[in-house]
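The model shown is predicted, which means the values in this text are computed figures rather than measured ones. For reference, positions follow the sequence shown, starting with 1.
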Amino acid sequence: MSAPHLDVLHRLLHSHGYAFAEDALVEACAHHPEHVCALLSAVGTITVTRAQILALTDAASLLCDVHADGGTDSVLSLRERLDRVADALTAALAQRDAATAALRHACQALHRTDIPLLTVRADSSANNGASGPTP
């Protein structure tokens, strides 16, 4: 039975063109803890920022709808709030991009080890339009 956090790890790695061998996790942690920690940290950050981006996008949409229907008195206040949401969204996107780069780096480092924790999927060229992982 797989834990929910490992399911998230499987899905995220799959979307980046890697297969995760859960049975090799203990050995990888013992021999390459820095790479495994970097991998888990990046996955956690990407997952959290995706949720944050979704919430901020929904908030921006709601503020835009209210702004369009609002009177002159509320427009300035709504624009200030929308600016704050946009700033937070920009920061979340930058954090997600940095975590995605860290994930790629950790995956490449783990793929180069002698422990088969990660393998490149045969269908990795279909990972969201990207060119696939670089082993």
Side-chain angles (χ1 to χ4, degrees):
M1 181 167 107
S2 184
H5 60 282
L6 291 178
D7 290 340
V8 170
L9 182 64
H10 277 282
R11 283 193 307 271
L12 189 62
L13 289 171
H14 186 267
S15 72
H16 285 271
Y18 290 95
F20 175 70
E22 190 175 331
D23 56 335
L25 184 58
V26 172
E27 185 180 3
C29 286
H31 295 285
H32 305 287
E34 68 285 354
H35 298 315
V36 175
C37 286
L39 175 75
L40 296 175
S41 175
V43 167
T45 301
I46 291 168
T47 303
V48 169
T49 55
R50 280 183 176 175
Q52 184 180 19
I53 290 165
L54 180 62
L56 288 167
T57 302
D58 289 346
S61 293
L62 289 172
L63 283 171
C64 286
D65 290 346
V66 171
H67 181 271
D69 296 336
T72 316
D73 298 334
S74 64
V75 169
L76 183 57
S77 175
L78 289 170
R79 282 192 182 186
E80 289 171 355
R81 290 180 184 155
L82 189 56
D83 284 345
R84 286 193 300 252
V85 170
D87 290 344
L89 183 57
T90 300
L93 289 166
Q95 188 176 15
R96 187 213 46 207
D97 291 347
T100 300
L103 176 70
R104 266 190 231 107
H105 184 268
C107 287
Q108 290 169 359
L110 283 165
H111 184 69
R112 287 190 300 263
T113 68
D114 56 342
I115 300 168
L117 181 64
L118 299 177
T119 55
V120 176
R121 289 188 5 253
D123 63 343
S124 65
S125 62
N127 68 10
N128 299 331
S131 60
T134 306

Group every Ile, Leu, Val, Met, Phe, Trp and Tyr by side-chain heavy-atom contacts under 4.5 Å, then state whether L103 and L6 land in the same group.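 Yes, L103 connects to L6 through the hydrophobic network.
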
Taking all non-hydrogen atoms of both residues, which atom of D114 and which atom of P116 are closest, and how far apart?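 What the structure gives for the nearest pair is O-CD, 3.7 Å.
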
Spatial distance of atom NE2 (H16) from atom CZ (R11) [nearest 0.5 Å]: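 Here the rounded value is 13.0 Å.
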
Grouping I, L, V, M, F, W and Y whenever their side-chain heavy atoms are under 4.5 Å apart, do L54 and L62 come out in a common cluster?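 Different clusters.
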
Look up atom CD in Q52 and atom OG1 in T57, then write down how far apart they are to the nearest 0.5 Å.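 The distance works out to 10.0 Å.
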
Quick one: pull up CG in L117 and NE2 in H111 and give me the separation to the nearest 0.5 Å.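 One gets 11.5 Å once the value is rounded to the nearest 0.5 Å.
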
Pairs of donor and acceptor atoms involving the side chains of residues 85-102, under 3.5 Å and at least two apart or interchain, shall be tabulated with distances.
residue, atom, partner, partner atom, Å
T90, OG1, A86, O, 2.9
T100, OG1, R96, O, 2.8

I'd like to check the side chain to side chain contact (heavy atoms under 4.5 Å, CB included) partners of A55; sequence neighbours left out, ordered by chain and number.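 Counting only residues at least two positions away or on another chain, A55 forms no side chain to side chain contact (heavy atoms under 4.5 Å, CB included).
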
For H31, enumerate each residue passing the side chain to side chain contact (heavy atoms under 4.5 Å, CB included) test, keeping only those at least two apart in sequence or located in another chain.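 Result, side chain to side chain contact (heavy atoms under 4.5 Å, CB included) vs H31: E27, I115.
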
For a side-chain contact (heavy atoms from CB on, under 4.5 Å) check, start with the C-alpha distance between H35 and L118, then their side-chain angles and the critical distance, and finish with the verdict. CA-CA 12 Å; H35 298 315; L118 299 177; over 6 Å; no

Exercise: identify the closest heavy-atom pair between Q108 and Y18: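 Looks like CG-OH, 4.1 Å.
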
Can you name the nearest heavy-atom pair linking S15 to R121, along with the distance?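 That closest heavy-atom pairing would be N-NH1, 4.3 Å.
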
According to side chain to side chain contact (heavy atoms under 4.5 Å, CB included), who are the partners of R84, at least two apart in sequence or on a separate chain?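 So R84 forms a side chain to side chain contact (heavy atoms under 4.5 Å, CB included) with R81.
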
Going by the rule side chain to side chain contact (heavy atoms under 4.5 Å, CB included), which residues pair with C29 if we only count those two or more places apart in sequence or in a different chain?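 With neighbours one apart ignored, the set is L25, V36.
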
Would you say S41's side chain and C37's backbone share a donor-acceptor pair under 3.5 angstrom?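 No, because the side chain of S41 does not come within donor-acceptor range (under 3.5 Å) of the backbone of C37.
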
Quick one: does T45's side chain have a donor or acceptor within less than 3.5 Å of a partner on A42's backbone?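 No.
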
Are V48 and I53 joined in one hydrophobic group, where the rule is that I, L, V, M, F, W and Y side chains link up if heavy atoms are under 4.5 Å apart?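 As far as the 4.5 Å side-chain criterion goes, I53 and V48 are not connected within one cluster.
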
Tell me the closest heavy-atom pair linking C107 and L13, and the distance in Å.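 In terms of heavy atoms, the two residues are closest at SG-CD2, 3.5 Å.
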
Can you get from L9 to V26 by hopping between Ile, Leu, Val, Met, Phe, Trp and Tyr side chains that sit under 4.5 Å apart?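 Per the 4.5 Å side-chain linkage, L9 and V26 are not co-clustered.
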
